[in-house]
Amino acid sequence: EPEVTQTPSHQVTQMGQEVILRCVPISNHLYFYWYRQILGQKVEFLVSFYNNEISEKSEIFDDQFSVERPDGSNFTLKIRSTKLEDSAMYFCASKRDSRGYEKLFFGSGTQLSVL
Amino acid sequence: AQSVTQPDIHITVSEGASLELRCNYSYGATPYLFWYVQSPGQGLQLLLKYFSGDTLVQGIKGFEAEFKRSQSSFNLRKPSVHWSDAAEYFCAVGRDSGTYKYIFGTGTRLKVLA
């Protein structure tokens, strides 16, 4: 089965630093997502991306966050100035089309630790 | 607003015993319902999904789930649990829209005793 690839698997950073989390979605997919999971909590939607623009974003996705698909294969999440509460597992996901019942393919996640 | 409730945070069962994980949802229309499993250090893997038709759906690894509209439930079942089923299980509800985000429950952590 095709896979969504995320790098790095672990990222440690100091508070206030910028981080970029990288994802390579499945090649023929058109919809891209970032979710995060704070330890012990549920998986939360951050943002969806389609046709080179943000389709929807949650309240969590404030001005400190941005996403980009710079080269047609990578999909990145940037946190401009990290806070302690940004520590979480970040999952990238992709989907082939817009049909509601099509499944999301998730990557194995990047564990971000902000010190 | 959409929501998903998984009332059991932790469940412990013995290997070979049956399993049922509960999921209740709140949604104004016919939902798309999913169960995902997350093994330690792994991403989210789809076990099964429901969007229409037969209310009993079969998934991978011997799991099944039954959609009960009257109870707003989508409980996950397995007749005989294996030690490798120890993981965290997430129920999710989705909608039919262009962006199609999922709403996840808080998860149920399954422990399997040998």
Side-chain angles (χ1 to χ4, degrees), chain A residues 1-7 9-10 23-26 29-51 53-61 67 88-111, chain B residues 1-10 23-25 27-54 57 59-61 67 74 87-109:
Chain A
E1 187 171 72
E3 288 184 349
V4 174
T5 305
Q6 289 187 245
T7 56
S9 56
H10 292 86
C23 170
V24 179
I26 295 169
H29 285 191
L30 301 176
Y31 294 82
F32 312 109
Y33 305 80
W34 283 99
Y35 285 78
R36 79 171 186 189
Q37 183 184 22
I38 295 173
L39 185 65
Q41 299 185 24
K42 63 182 178 181
V43 177
E44 300 174 291
F45 168 78
L46 290 178
V47 65
S48 59
F49 190 86
Y50 170 70
N51 200 26
E53 60 183 24
I54 290 174
S55 309
E56 187 174 358
K57 60 184 181 180
S58 72
E59 294 174 352
I60 304 167
F61 195 89
V67 290
M89 177 74 88
Y90 288 80
F91 291 105
C92 174
S94 70
K95 188 163 166 288
R96 186 175 58 185
D97 59 39
S98 64
R99 287 176 293 177
Y101 51 83
E102 282 292 316
K103 76 175 189 179
L104 285 180
F105 288 77
F106 284 87
S108 56
T110 294
Q111 180 66 54
Chain B
Q2 298 162 267
S3 68
V4 177
T5 303
Q6 292 181 248
D8 304 305
I9 298 173
H10 294 96
C23 172
N24 293 97
Y25 67 89
Y27 186 61
T30 300
Y32 298 120
L33 295 161
F34 304 79
W35 274 99
Y36 278 82
V37 61
Q38 184 183 22
S39 298
Q42 303 295 312
L44 295 162
Q45 182 183 22
L46 180 70
L47 285 175
L48 47 77
K49 63 183 181 183
Y50 170 81
F51 60 95
S52 68
D54 193 346
V57 293
I60 62 171
K61 304 184 181 188
F67 170 58
F74 189 57
E88 187 142 23
Y89 292 80
F90 292 93
C91 182
V93 62
R95 65 171 191 259
D96 200 1
S97 75
T99 62
Y100 193 73
K101 70 180 186 186
Y102 285 21
I103 304 296
F104 283 86
T106 50
T108 298
R109 184 168 296 278

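All heavy atoms count here, side chains included; hydrogens, waters and symmetry mates do not. Protein chains get the first letters and strands the later ones, always in sequence-line order, with residue 1 at the start of each. Keep in mind the model is a prediction, meaning the values are calculated, not measured.
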Counting distance only, does the side-chain N/O of A:Tyr33 pair as donor-acceptor with the main-chain N or O of B:Tyr102 below 3.5 Å?
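No: the side chain of A:Tyr33 does not pair with the backbone of B:Tyr102.
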
Is the number of heavy atoms from other residues, nucleotides or ligands under 6.0 Å of A:Gln41 CD greater than 12?
yes

Counting heavy atoms not belonging to B:Ile60, are there more than 12 under 6.0 Å from its CD1?
yes

When rounded to the nearest 0.5 Å, the distance separating OH of B:Tyr36 from CG of A:Leu104 is 5.0 Å

In terms of heavy-atom pairs under 4.5 Å, which option from A:Gln6, A:Glu44, A:Gln111, A:Gln37 contacts chain B the most?
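Looking at each of A:Gln6, A:Glu44, A:Gln111, A:Gln37 in turn, A:Gln37 comes out on top.
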
Heavy-atom pair with the smallest gap, counting every atom of B:Gln38 and A:Phe91:
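That closest heavy-atom pairing would be NE2-CZ, 3.2 Å.
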
Of all residues at least two apart in sequence or in a different chain, which pass the side chain to side chain contact (heavy atoms under 4.5 Å, CB included) check with A:Thr7?
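If we apply the side chain to side chain contact (heavy atoms under 4.5 Å, CB included) test to A:Thr7, skipping adjacent residues, the hits are A:Arg22.
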
Where on B:Gln45 is there a heavy atom nearer than 4.5 Å to chain A: the side chain, the backbone, both, or neither?
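Neither part.
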
Chain A heavy atoms under 4.5 Å from B:Leu44: which part of the residue, side chain, backbone, both or neither?
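Looking at B:Leu44, backbone and side chain both touch chain A.
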
